[in-house]
Amino acid sequence: MTEPLDRRQFLGSSAVAALPLAADGQPGDPSGPAPFPGLIVREFEPVNLEMPFATLDQARTPTERFFVRCHFAQPALHARNWQLKVEGVVERPFSLGYEELLRLPMATKTVTLECAGNSRVFLTPRARGVAWQLGAVGNAEWTGVPLATLLDRAGVKPGAVEVVLEGADAGAVNDDPKSPGPIHFARSVPLAVARDGVLLAHAMNGAPLPQAHGFPLRAVVPGWYGMASVKWLTRVVVTDRPFQGFWQTFDYSYFERENGVPALRPITEMQVKAAVARPGQDEVVPAGRPYRVFGAAWAGTAAVSKVEVSADGGQTWAEARLQGEAAPFAWRLWEHEWSPRQPGKAVLMARATDSRGRTQPMQRDPDRRMYMISQVLPVVVVVR
Ligand SMILES: Nc1nc2c(c(=O)[nH]1)N[C@H]1C(S)=C(S)[C@@H](COP(=O)(O)O)O[C@H]1N2
Ligand SMILES: [Mo]
């Protein structure tokens, strides 16, 4: 973030002459990592920012590289007067302030959040919505209070089925289908999910949540697409019937077929998916030298157990080397040494398989509408 200033100061210093030149002729340390170039602006207002996925270099996504997805202007909430209401089908509705929240027992979890629209730019014909490439996904360490703690304190009544998470941000959706005037961003999860796993996070990667990621408090729903991880949380409502809010019916829904009849369902769990960080589309790679193909893979509530790479458009596959441990909710980095021989175009692909044996489809399923883009994506490179 301070890179331009540092660079100017750096270039102005007399030590520059003594420094080695990097391959591109710029002064710098050729053995050091490339500086982070910043996030890609997909939309300016409301702000939607994408991580340039080629900059992936560690399992934990640094906060300043983590994508930002906002449907409305970011609310500026202050810890001093922020309150979380817990209400609905409960014995003892209550409100909680920030100080009190921080005194509750905490848990920390590493969780990958992927926007349900990530990779949308690869859909043909072009689909409406933010045109994300690969970087509307990140893996962070979230610290906060289990939602179960607050539900227990409120005393969930018998007959409760879901928990609605509501954010402080609001606005009118004017594209069809329009919202009924201004509405908040809100999303429900089944009571069982709310009780077992949902974290109300006040810290990200060991520091208080930045405003863009939901200060002072956000939900983190492990294994689900990002839309359920409601930011700027101000209300938790326990309901005795399924919630049919805008953000899980008109938006963030897909078709599921029962007995051949398609019906709309809210989007929930992330699909198994591997994404290639390098090489990128149309990258020129040298012939006759090993190239390290690498990326990340995730599988929702399951763990990634295998990643395969193809360098011939999907005819033959080789197993990639997985880093770290197999774990639910968090991605794993993977790498594969590829030695391209023939100059010309080559089509690379990566395919993940999870601990339940599910793997990525080769073809797009149109029932998923403009969401859950997890089919195997080709990366065309030029071997030279
Ligand atoms: N209040 C609120 N919460 C929200 C959203 C929003 O617009 N408003 N966007 C959701 C979507 S679609 C995604 S993918 C994630 C993204 O979280 P991030 O911006 O921290 O990456 O936040 C979710 N939570
Ligand atoms: Mo999203």
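Note that the numbering runs from 1 along the sequence shown for the chain. Just so it is clear, the values below take in all heavy atoms, side chains as well, and ignore hydrogens, waters and symmetry mates. Atoms within each ligand, like the ligands themselves, are counted from 1 in listed order.
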note = shortest atom 23 (C) of ligand 1-to-protein heavy-atom contact is with Gly226 O, 3.3 Å
Main-chain N/O of Gly197 paired to Lys109 side chain as donor or acceptor, under 3.5 Å = yes
inquiry  = Can you list everything that forms a side-chain hydrogen bond (donor to acceptor under 3.5 Å, both in side chains) with Glu258? Sequence neighbours excluded, please.
reply    = Arg265
key: Geometric class of the Phe185/Trp247 ring pair [parallel <30°, tilted 30-60°, perpendicular >60°]   = tilted
ask   = Hey, does Glu114 sit under 4.0 Å from ligand 1 if you only count heavy atoms?
value = no
inquiry  = Under a 4.0 angstrom heavy-atom cut-off, which atoms of ligand 1 come close to Cys115?
reply    = 14 (S)
Exceeds 12 heavy-atom contacts within 6.0 angstrom, atom NZ of Lys85 = no
ask   = For atom 8 (N) of ligand 1, which protein heavy atom lies nearest, and how many Å away is it?
value = Asp169 OD2, 2.6 Å
Atoms of ligand 1 close to Val68 [distance to a heavy atom under 4.0 angstrom, numbered from 1] = 19 (O)
inquiry  = Using a plain distance cutoff, I'd like to know if Lys231 has any nitrogen or oxygen under 3.5 Å from a nitrogen or oxygen of ligand 1.
reply    = yes
Over 12 foreign heavy atoms within 6.0 Å of CZ, Arg92 = yes
task = Please state which part of Cys70 comes within less than 4.0 Å of ligand 1, counting heavy atoms only: side chain, backbone, both or neither.
result = backbone
Proximity of His184 to ligand 1 by residue part, where a heavy atom lies under 4.0 Å = neither
request  = Please list all pairs passing the ring-ring contact (aromatic ring centres under 6.0 Å, His included) test where one or both residues lie in residues 301-354, with sequence neighbours left out.
outcome  = Trp298-Trp331
message = Can you report which non-hydrogen protein atom sits closest to atom 9 (N) of ligand 1, along with the distance?
response = Arg69 O, 3.3 Å
request  = Tell me which protein heavy atom sits closest to atom 17 (O) of ligand 1, plus the residue, atom name and distance to 0.1 Å.
outcome  = Arg218 NH2, 3.1 Å
query = Less than 6.0 Å separating the ring centroids of Tyr252 and His71?
reply = yes
ask   = Is there any N or O on Phe185 that sits under 3.5 Å from an N or O of ligand 1?
value = no
inquiry  = Please work out, at 4.0 Å between heavy atoms, whether the side chain, the backbone, both, or neither of Phe66 comes within that distance of ligand 1.
reply    = side chain
Heavy atoms of other groups near Arg292 CZ, more than 12 under 6.0 Å = yes
key: Per-atom contacts of ligand 1 with Val230, taking only distances under 4.0 Å to non-hydrogen atoms   = 1 (N), 3 (N), 24 (N)
ask   = Tell me, which protein residue and heavy-atom name are nearest atom 24 (N) of ligand 1, and how many Å apart are they?
value = Ser229 O, 3.0 Å
query = Charged N to carboxylate O under 4.0 angstrom, Arg369 versus Asp367?
reply = no
message = Just to confirm my output: which protein heavy-atom neighbour is closest to atom 21 (O) of ligand 1, and how far is it?
response = Phe67 O, 2.6 Å
task = Go through ligand 1 atom by atom and flag the ones less than 4.0 Å from a non-hydrogen atom of Met227.
result = 10 (C), 11 (C), 12 (S), 13 (C)
task = Using a cut-off of 6.0 Å, state whether more than 12 heavy atoms not belonging to Arg356 lie near its atom CZ.
result = yes
task = For Asn139 and Thr110, indicate whether the former's side chain and the latter's backbone hold a donor-acceptor pair under 3.5 Å.
result = no
inquiry  = Please confirm whether Tyr252 approaches ligand 1 to less than 4.0 Å, judged on its heavy atoms.
reply    = yes
